[in-house]
Amino acid sequence: MKLANPDLLKFQNYIDGTWRAAARTMAVCDPANGELLGNVADGSAADAETAVTAATAALPEWRRRTAAERAATLKRWYQLIVENSGDLARILTLEQGKPLAEAQGEILYGASFIEWFAEECRRVYGQTIPTHNPAMRLSTIRQPVGVVSCITPWNFPNAMITRKAAPALAAGCTVVIKPAQETPLSALALGQLAHEAGLPKGTINVVTGSDAAGIGRVLTQDPRVAKFTFTGSTAVGKLLMAQCASTVKKMSMELGGNAPFIVFDDADMDTAVKACMATKFRNAGQVCVATNRIYVHQAVHDEFVEKLRTEMAALKIGHGTEAGINMGPMIFRRAVERVWELVQDAVASGANLEIGGEPLPNGENYFAPTLLTGVSDDMRIATEENFGPIAAVQQFTDETDVIRRANATPYGLAAYVMSENIRRANRVVEALEYGMVACNTGVFSTTVAPFGGNKESGLGREGGVEGMAEFYETKYCCFGT
Ligand SMILES: NC(=O)C1=CN([C@@H]2O[C@H](COP(=O)(O)OP(=O)(O)OC[C@H]3O[C@@H](n4cnc5c(N)ncnc54)[C@H](OP(=O)(O)O)[C@@H]3O)[C@@H](O)[C@H]2O)C=CC1
Ligand SMILES: O=C(O)CCCC(=O)O
């Protein structure tokens, strides 16, 4: 891999401020063509324990620093990420597959969490409380929770790390990160830049490895870890929550979704189609807030479908490093097979295949952008998170009914509403049981607002002032006079 700054390419674990080999290595490959990118440390549970030991040792000195001091270090990290964004994007595209422009966007989005939390940590205030007793003085102070462990997914190999690590470090916590085994290089590059930025040894540690269960047990059960934060599937999230129960860790969970995208008959069709494309085909649909169920009012159904078909047919698919590519491969063959199975199940259950429907011949992990109509709520394509480039369209006629259908899922992460009628838009946004609702746009993620889900989509919020609060304990102080 050719980089302007070859120092960013690291293959060992970053523990206690040093690069350390593991007993074994694991291959990291380009999902577009299977090409070997390198062999990285295949870390073990023992490596994770060493990292927790380093984070525990680093905690007293890091938390003792003033917020301004921590902020200055974090801003250096932010600057270095921005300066190296071209290389970081290239690493990301090669190991994950998304188009280079999207990767570049993720690097800057990821960096924005570091900048924002570096600023935010200077404004974390306690309270003085009007006392209930003249002989007592009451107040609160907010203190860093302690050692934080993070497990992150492959779909956003950079931003899901910074969205956790930045507020944790800004708050005065130290962190141990286990990235997904498909995308360790982006995580290790962040480690290298953190090192260059002067984050003290042990404050940030990265343990890569294929033994997710073994490493995960340490990160969720070691009593020295105070908080565990995770992004990934709901199934794994539930397992990790159960493991965290043994030591009553604080937890943040960003889990799966099943986003409804509702197009009313008073929507602007061009806006609706543009928003649908943005939410459906970003990262080949491998996004937890990606549209999963598209509900279109019967009166505008045909118009919407025709416009969507035209836009989908224009997508350019190929290796993410090539110019003009809109969609890359899926992350691995297992994901392709699963999406294919869901499409076949829908067609066998009566859905109409409008375009796509199968893997593409130009590489092992490409799946054609697929448009299904005549989908119904009981099909697997509607009940399961498809996590792929599949637009599955259903029809509706009644507002109350479509709200009921949209809410009839155990998930509650993101939802989308397309309507030019402000009264209706307000009504529907309020009635949807989701942590995030976007109206007349398909792009809403930002550092400054709380990201997270209701129901089985998770616990806690990342980003915004809420994202900072996740890494503090509030201490109530009562002074007798
Ligand atoms: N942002 C989101 O909401 C995401 C949702 N998903 C959903 O999950 C589905 C499956 O994707 P998948 O990658 O398998 O997601 P997982 O939930 O399996 O993986 C996410 C992270 O959890 C780790 N992990 C997996 N099993 C364990 C375990 N037993 N103990 C500790 N850590 C574990 C993974 O490590 P390793 O890589 O080493 O296995 C990875 O770092 C997707 O199709 C999608 O529906 C997936 C990714 C992100
Ligand atoms: O899929 C995810 O887990 C994160 C979504 C990216 C974002 O919009 O922040």
Side-chain angles (χ1 to χ4, degrees), residues 26 28 31 40 42-43 45 48 95-96 98 102 105-106 109-110 112-113 149-164 177-184 186-187 206-221 228-244 252-259 278-279 282-290 292 330-332 334-339 341-342 384-388 390 411 413-414 435-436 438 442-453 456-458 461-464 467:
M26 60 180 190
V28 185
V40 303
D42 189 357
E95 68 175 351
Q96 201 274 341
K98 66 180 67 176
E102 261 187 65
E106 179 179 341
Y109 174 53
S112 72
F113 289 101
S149 62
C150 319
I151 295 185
T152 55
W154 44 261
N155 60 344
F156 288 83
N158 176 291
M160 293 307 100
I161 292 177
T162 57
R163 194 154 84 175
K164 295 167 171 53
I177 300 154
K178 189 213 87 70
Q181 59 183 289
E182 286 75 24
T183 57
S186 293
V206 184
V207 179
T208 60
S210 61
D211 180 15
I215 297 170
R217 266 192 295 277
V218 173
L219 300 190
T220 53
Q221 294 181 334
F228 174 66
T229 163
F230 175 73
T231 298
S233 62
T234 295
V236 172
K238 285 180 180 177
L239 174 81
L240 299 177
M241 284 172 75
Q243 290 179 192
C244 283
S252 295
M253 295 275 157
E254 296 292 346
L255 307 178
N258 183 355
T279 152
R282 176 165 71 124
N283 201 11
Q286 304 169 114
V287 184
C288 59
V289 294
N292 208 55
M330 300 191 70
I331 188 73
F332 36 51
R334 200 166 75 238
V336 173
E337 299 291 347
R338 187 170 165 278
V339 160
E341 187 185 309
L342 290 179
E384 295 178 26
E385 182 179 37
N386 70 54
F387 232 60
I390 317 298
Y411 298 101
L413 193 58
M436 299 169 284
V443 182
F444 64 84
S445 301
T446 161
T447 314
V448 302
F451 186 105
E456 293 189 15
S457 289
R461 294 293 182 267
E462 293 188 326

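Both counts, for ligands and for their atoms, begin at 1 and track the order of listing.
- Atoms of ligand 1 found under 4.0 Å from any heavy atom of Thr152, numbered from 1 in the order shown, are 21 (C), 40 (C), 41 (O).
- Residues with a heavy atom under 4.0 Å from ligand 2: Tyr109, Asn155, Phe156, Met160, Arg163, Thr231, Arg282, Val287, Cys288, Ser445, Phe451.
- Closest to atom 39 (O) of ligand 1 among all protein heavy atoms lies Gln181 NE2, 3.5 Å.
- In terms of protein heavy-atom proximity, atom 17 (O) of ligand 1 is closest to Ser233 OG, 2.7 Å.
- In this structure, a donor-acceptor pair under 3.5 Å is present between the side chains of Ser210 and Asp42.
- Under a 4.0 Å criterion applied to the non-hydrogen atoms of Phe230, ligand 1 contributes the atoms 17 (O), 21 (C), 22 (O).
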Leu413 and Met436: CA distance, side-chain angles, deciding distance, side-chain contact (heavy atoms from CB on, under 4.5 Å) verdict = CA-CA 6 Å; Leu413 193 58; Met436 299 169 284; 3.7 Å; yes
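- Atom 47 (C) of ligand 1 has Pro153 CB, 3.7 Å as its closest protein atom, hydrogens excluded (heavy atom only).
- Remark: the backbone N or O of Thr183 is not paired with any side-chain donor or acceptor of Gln96 at under 3.5 angstrom.
- Less than 4.0 angstrom separates some heavy atom of Glu182 from each of these atoms of ligand 1: 37 (O).
- Of all protein heavy atoms, the one closest to atom 3 (O) of ligand 1 is Cys288 CB, 2.9 Å.
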Just do the salt bridge (charged side-chain N to carboxylate O under 4.0 Å, His left out) check on Glu106 and Lys98 with the steps written out, would you?
-> CA-CA 10 Å; Glu106 179 179 341; Lys98 66 180 67 176; 2.6 Å; yes
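- The protein heavy atom nearest to atom 45 (O) of ligand 1 is Glu385 OE1, 2.6 Å.
- Between the side chain of Glu385 and the backbone N or O of Asn258, no donor-acceptor pair lies under 3.5 Å.
- Of the candidates Leu239, Thr208, Thr231, Asp211, Thr231 brings a heavy atom nearest to atom 20 (C) of ligand 1.
- Closest to atom 14 (O) of ligand 1 among all protein heavy atoms lies Arg334 NH2, 4.0 Å.
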Run the side-chain contact (heavy atoms from CB on, under 4.5 Å) check on Phe228 and Leu240 step by step: do they pass?
-> CA-CA 9 Å; Phe228 174 66; Leu240 299 177; 3.7 Å; yes
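- Within a 6.0 Å sphere centred on CZ of Arg338, other residues, nucleotides and ligands contribute more than 12 heavy atoms.
- Between the side chain of Gln286 and the backbone N or O of Asn283 there is at least one donor-acceptor pair closer than 3.5 Å.
- Side-chain contact annotation: Asn386 with Asn292, donor-acceptor N/O pair under 3.5 Å present.
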Step by step, would you call Thr220 with Phe230 a side-chain contact (heavy atoms from CB on, under 4.5 Å)?
-> CA-CA 10 Å; Thr220 53; Phe230 175 73; over 6 Å; no
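- Atoms of ligand 1 found under 4.0 Å from any heavy atom of Leu240 (numbered from 1 in listed order, with element): 30 (N), 31 (C).
- In this structure, atom 18 (O) of ligand 1 lies nearest to the protein heavy atom Val236 CG2, 3.6 Å.
- Thr446 has its side chain out of reach of Phe451: every pair of non-hydrogen atoms, C-beta onward, lies at least 4.5 Å apart.
- Remark: Lys164 engages Glu462 in a salt bridge (charged side-chain N to carboxylate O under 4.0 Å, His left out) (not counting sequence neighbours).
- Look at Glu384 and you'll find every heavy atom at least 4.0 Å from all atoms of ligand 1.
- Remark: the Ser252 side chain and the Thr229 side chain contain no N/O donor-acceptor pair separated by less than 3.5 Å.
- With Gly214, Ala212, Ser457 as candidates, the residue nearest to atom 33 (C) of ligand 1 on a non-hydrogen basis is Ala212.
- At least one N/O-N/O distance between Leu255 and ligand 1 falls below 3.5 Å.
- Of the protein's non-hydrogen atoms, Lys178 NZ, 4.2 Å is the one closest to atom 34 (C) of ligand 1.
- Judged by distance alone, the side chains of Thr231 and Glu254 never bring a donor and an acceptor atom under 3.5 Å apart.
- Proximity annotation for atom 23 (C) of ligand 1: of Leu219, Thr183, Val289, Ile151, Ile151 comes nearest, heavy atoms only.
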